[in-house]
Protein chains: 2
Amino acid sequence: MPLGFAPTAERILDVAERLVQTQGFNGFSYADISSELKITKASLHYHFATKADLGTQLIARYHERFQAALDAIDGESDDARRKLRRYGQLYADVLRTRRLCLCGMLASDYATLPKPMKDGVRAFFDASEAWLTRVIEEGRHAKALRRDGPANETARMVVSSLEGAMLVARSYDDVQRFESNAERLFADLEAPPSRREHASR
Amino acid sequence: MPLGFAPTAERILDVAERLVQTQGFNGFSYADISSELKITKASLHYHFATKADLGTQLIARYHERFQAALDAIDGESDDARRKLRRYGQLYADVLRTRRLCLCGMLASDYATLPKPMKDGVRAFFDASEAWLTRVIEEGRHAKALRRDGPANETARMVVSSLEGAMLVARSYDDVQRFESNAERLFADLEAPPSRREHASR
DNA sequence: GTCTATAACGAGATAGAC
DNA sequence: GTCTATCTCGTTATAGAC
């Protein structure tokens with residue numbers, strides 16, 4: 001714990017976030033947070049009046065932080081291939097804690113979500129797609145990536161492939177399975193499509 | 001309704017299957033099935049003593065039917081590229097009814113599932129991977145598919161990419177988004193990696 | 001901002017009549 | 001095989017004291 005404790009609302013969000021990422025939005029309750037933080041359910045309702053409120057703010061915070069991570073990647077390098085790998089690592093880091101992407105998980109609960117949460121989930125995917133589209137276009141311009149169909153379609157494929165790879169890999173508790181999928185995915189985006197070597201494992 | 005009504009247990013499974021595929025295992029209740037079939041909850045418990053029983057039999061039936069569909073594909077053609085497209089259509093057909101793959105959905109609920117259901121989900125993925133691995137090996141032997149890393153890793157990528165593509169596409173209620181992803185995925189598996197044309201849309 | 005207490009409802013599940 | 005009735009517990013949420 002660095003400087004300044006997280007106010008109660010932040011701690012609630014921290015626990016709720018982990019619960020949603022592991023159990024899904026319909027797989028946890030205020031009682032779960034209550035017992036873990038040793039604060040009553042009534043107090044939770046003071047900070048987040050309804051579960052829908054909690055969920056909506058969960059998405060907003062997650063989206064903000066994710067976007068900040070993408071901005072950080074932009075600052076690290078100009079190589080699209082490298083940026084894509086870092087993007088994949090963002091997912092792998094989540095999976096290592098045995099969680100799914102918050103919005104990937106919520107996408108599975110989508111039909112049961114209140115409208116504001118549905119909108120938040122799509123906004124998250126849209127933002128990921130937009131960032132990836134730009135990176136892919138940059139990579140193509142630098143002749144680092146293949147020109148192969150619209151960049152935004154490639155971006156969509158990257159998002160959904162990684163979400164799916166997390167989902168399946170978690171059932172096997174096997175981060176390697178995710179990383180193997182991700183590496184093949186990224187390698188396939190690279191130019192030229194002729195011959196390239198593979199990562200040793 | 002052709003010949004022979006489905007016995008009650010089958011009708012229960014039909015409704016439960018749709019509910020799980022749309023809402024998730026923690027997103028529906030016996031009361032939902034009860035009201036839809038106009039049969040009491042007590043009667044449901046006669047056929048499936050616990051929700052875990054119901055879930056386990058749901059997976060078993062889904063797995064059986066899916067395997068039968070794969071066997072049918074094997075009987076239709078010898079072209080690996082064609083078989084892969086048919087495999088993708090299996091998923092697209094599910095998505096068109098606004099459902100996810102039963103086991104893809106259950107993978108998101110994985111942490112909250114009883115052990116027999118967890119085992120069933122993995123068995124389903126294992127079977128899909130095994131079928132795809134064989135098809136990919138056949139396709140490589142026939143020089144229709146690229147030799148690019150272990151066939152079973154390619155198979156894993158196909159499974160998880162399609163599961164993820166369904167998940168995301170459903171949030172947009174956009175089957176096209178899935179189909180576009182699937183087509184690009186399959187096209188990338190084909191040989192030679194040099195130049196190939198794209199489907200017009 | 002946190003508490004006790006409780007409302008109001010829905011969940012999975014069971015007993016026992018028909 | 002389906003029913004009525006009921007149990008027990010968990011759920012989201014609120015009222016009002018401290």
Side-chain angles (χ1 to χ4, degrees), chain A residues 4-20 22-59 105-106 108-118 120, chain B residues 4-59 61 105-106 108-118 120:
Chain A
F5 290 153
T8 306
E10 291 284 307
R11 302 205 308 142
I12 294 168
L13 287 171
D14 291 342
V15 174
E17 184 176 80
R18 196 193 67 243
L19 289 171
V20 174
T22 50
Q23 327 244 75
F25 194 68
N26 298 317
F28 84 102
S29 73
Y30 271 38
D32 296 325
I33 306 175
S34 174
S35 71
E36 186 162 336
L37 290 182
K38 277 146 184 169
I39 194 175
T40 61
K41 289 186 288 169
S43 295
L44 299 180
H45 280 286
Y46 168 80
H47 294 281
F48 303 95
T50 68
K51 203 183 178 187
D53 284 350
L54 175 57
T56 305
Q57 293 198 232
L58 224 34
I59 296 170
M105 180 60 95
L106 292 176
S108 79
D109 297 323
Y110 197 81
T112 68
L113 298 181
K115 180 77 161 47
M117 290 185 68
K118 287 184 177 176
Chain B
F5 290 153
T8 306
E10 291 284 307
R11 301 205 307 142
I12 294 169
L13 288 171
D14 290 342
V15 174
E17 184 176 79
R18 195 193 68 244
L19 289 171
V20 173
Q21 287 181 276
T22 51
Q23 328 245 73
F25 193 68
N26 298 317
F28 84 102
S29 72
Y30 272 38
D32 296 326
I33 306 174
S34 174
S35 70
E36 188 163 336
L37 291 182
K38 278 146 183 168
I39 194 175
T40 61
K41 287 191 291 169
S43 296
L44 299 181
H45 280 287
Y46 168 80
H47 294 282
F48 303 95
T50 69
K51 204 183 177 188
D53 284 350
L54 175 58
T56 305
Q57 293 198 233
L58 225 35
I59 297 170
R61 192 182 71 158
M105 179 60 95
L106 292 175
S108 79
D109 297 323
Y110 197 81
T112 69
L113 298 181
K115 180 78 160 47
M117 290 185 68
K118 287 184 177 175

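Because the structure is predicted, anything quoted here is derived from the model rather than measured.
The closest side-chain heavy-atom distance from A/F48 to A/Q57 is below 4.5 Å.
For A/A42, the side-chain contact (heavy atoms from CB on, under 4.5 Å) partners are A/T40, not counting sequence neighbours. Residues forming a salt bridge (Lys or Arg N to Asp or Glu O under 4.0 Å) with B/K38 (at least two apart in sequence, or on another chain): none. Considering only residues two or more places apart in sequence or on other chains, A/A49 meets the side-chain contact (heavy atoms from CB on, under 4.5 Å) condition with A/D53. With sequence neighbours excluded, the residues forming a side-chain contact (heavy atoms from CB on, under 4.5 Å) with B/T56 are B/P116, B/M117, listed by chain and number.
For DNA chain C, the span of nucleotides reached by chain A at under 4.0 Å from its heavy atoms goes, 5' to 3', from C/dG1 to C/dT4.
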Under 3.5 Å, N/O pairs linking protein and nucleotides 11-13 of chain D:
unit_1	atom_1	unit_2	atom_2	d
D/dT11	OP1	A/S29	OG	3.4
D/dT11	OP2	A/S29	OG	3.3
D/dT12	OP1	A/K51	NZ	3.2
D/dT12	OP2	A/Y30	N	3.1
D/dA13	OP2	A/K51	N	2.8
D/dA13	N7	A/H45	NE2	3.2

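The closest donor-acceptor contact from the side chain of B/S108 to the backbone of A/M105 lies at 3.5 Å or more, if one exists at all. With B/D109 contributing its side chain and B/G24 its backbone, the two residues share no donor-acceptor pair below 3.5 Å.
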